[in-house]
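Below is one structure, written out as structure tokens; comments come after it.
Just so you know, these numbers use all the heavy atoms, side chains as well, and skip hydrogens, waters and symmetry mates.
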Amino acid sequence: MPREIYQQVNDDGREWTYDTAWQNIRALNADLEAGDVSTIPTQSLFIASQMERLEKGKAGSMSSYSNAHRLEAEAHEASKQSAMSKLEELQQRGQALQESFDAGDFESAKNHALAAHALALSF
């Protein structure tokens, strides 16, 4: 996670983070519905950082082994898929991200955002 992303998220107030995360997730899903994946890598990282802030009270670098392993596994799976199936999976992840966020399950939402990031990078 780039330092400037998690620093910005930490500088924002918690209520601001919640409100903008709601907007960011819906924007991500609108882009996916339109078939535009060009902004997804950046959007998904920012959203993942916001989810960590909401989950733990503070966003960090997310440099743990489990996060790295998850990204690597997602990238490996994506390399086996067609562009159409990757887009469909991205759309499913975006919807799951929104549902997890709406339910207050920020950890799950963060994981969906990280998976979307890895998938989007494979295009």
Side-chain angles (χ1 to χ4, degrees):
M1 175 71 58
R3 184 180 193 135
E4 56 273 0
I5 289 177
Y6 68 84
Q7 281 184 327
Q8 179 182 346
V9 169
N10 284 328
D11 289 344
D12 293 338
R14 185 171 169 83
E15 186 175 325
W16 176 262
T17 298
Y18 186 88
D19 290 345
T20 59
W22 188 93
Q23 294 168 2
N24 292 337
I25 291 167
R26 270 107 183 128
L28 178 138
N29 279 322
D31 287 347
L32 288 173
E33 192 168 312
D36 180 9
V37 297
S38 64
T39 61
I40 304 304
T42 303
Q43 285 179 308
S44 57
L45 267 187
F46 194 79
I47 291 167
S49 186
Q50 289 180 308
M51 295 303 101
E52 183 173 64
R53 168 81 192 278
L54 293 171
E55 173 194 3
K56 297 180 177 178
K58 184 175 183 180
S61 65
M62 287 192 256
S63 61
S64 71
Y65 173 77
S66 63
N67 285 330
H69 181 69
R70 180 178 300 113
L71 288 172
E72 186 178 300
E74 290 288 345
H76 179 71
E77 285 302 311
S79 70
K80 301 176 194 176
Q81 297 175 326
S82 69
M84 185 57 136
S85 90
K86 283 191 271 193
L87 179 58
E88 288 172 4
E89 186 173 345
L90 263 172
Q91 290 169 335
Q92 291 169 358
R93 289 292 186 156
Q95 193 58 43
L97 165 61
Q98 184 171 322
E99 290 168 6
S100 293
F101 174 79
D102 290 347
D105 185 354
F106 303 127
E107 179 181 11
S108 178
K110 176 181 72 177
N111 292 335
H112 289 301
L114 290 173
H117 176 73
L119 275 165
L121 287 176
S122 70
F123 277 87

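Heavy-atom neighbours of Glu72 CD from other residues, nucleotides or ligands within 6.0 Å: at or below the threshold of 12. Dense packing is recorded around CD of Gln7, with more than 12 heavy atoms of other residues, nucleotides or ligands lying under 6.0 Å away.
The line from CG of Asn111 to CG of Leu97 is 10.5 Å long, rounded to the nearest 0.5 Å. Between the CD atom of Gln92 and the NE2 atom of His112 there is a distance of 11.0 Å, given to the nearest 0.5 Å. Interatomic distance, His117 NE2 to Gln43 CD, rounded to the nearest 0.5 Å: 12.5 Å. A distance of 6.0 Å separates OG1 in Thr17 from CG in Leu54, rounded to the nearest 0.5 Å. Interatomic distance, Glu89 CD to Leu32 CG, rounded to the nearest 0.5 Å: 11.5 Å. Rounding to the nearest 0.5 Å gives a distance of 8.5 Å between OH of Tyr6 and NZ of Lys58.
Val9 and Trp16 are not part of a single hydrophobic cluster, where members link through side-chain heavy atoms under 4.5 Å apart. A continuous path of Ile, Leu, Val, Met, Phe, Trp and Tyr side chains, each step under 4.5 Å between heavy atoms, connects Leu119 with Phe123, placing both in one hydrophobic cluster. Cluster annotation: Leu90 and Ile47 are assigned to the same hydrophobic cluster (Ile/Leu/Val/Met/Phe/Trp/Tyr, side-chain heavy-atom contacts under 4.5 Å, transitive). Put simply, Leu114 and Leu28 are part of two different groups of oily side chains (I, L, V, M, F, W, Y) that touch within less than 4.5 Å, one to the next.
For residues 2-12, no pair satisfies salt bridge (charged side-chain N to carboxylate O under 4.0 Å, His left out), with sequence neighbours left out. The salt bridge (charged side-chain N to carboxylate O under 4.0 Å, His left out) pairs that include a residue from residues 18-29 are Arg26-Asp102, where partners are two or more places apart or lie in different chains.
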Derivation and outcome, side chain to side chain contact (heavy atoms under 4.5 Å, CB included), residues Phe46 and Gln8:
CA-CA 9 Å; Phe46 194 79; Gln8 179 182 346; 3.8 Å; yes
For Ile25 and Met51, what are the C-alpha separation, side-chain angles and deciding distance, and is it a side chain to side chain contact (heavy atoms under 4.5 Å, CB included)?
CA-CA 11 Å; Ile25 291 167; Met51 295 303 101; 4.2 Å; yes
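In this view, Glu99 and Gln95 satisfy the side chain to side chain contact (heavy atoms under 4.5 Å, CB included) rule, not counting sequence neighbours. Scored by the side chain to side chain donor-acceptor pair (under 3.5 Å) test, Ser38 finds Asp36 as partners (sequence neighbours excluded). Every residue meeting the side chain to side chain donor-acceptor pair (under 3.5 Å) condition with Glu55, not counting sequence neighbours, appears here in chain and number order: Lys110. Every residue two or more places apart in sequence or in another chain that forms a side chain to side chain donor-acceptor pair (under 3.5 Å) with Ser61 is listed here: Ser63.
Ring geometry for Phe101 versus Phe106: interplanar angle of 30 to 60°, hence tilted.
Ala116 and Arg93 make their closest contact through CB-CB, 4.5 Å (heavy atoms, listed as atom of the first residue, atom of the second, distance). Among all heavy-atom pairs drawn from Ser49 and Ile5, the shortest one is CB-CG2, 3.8 Å.
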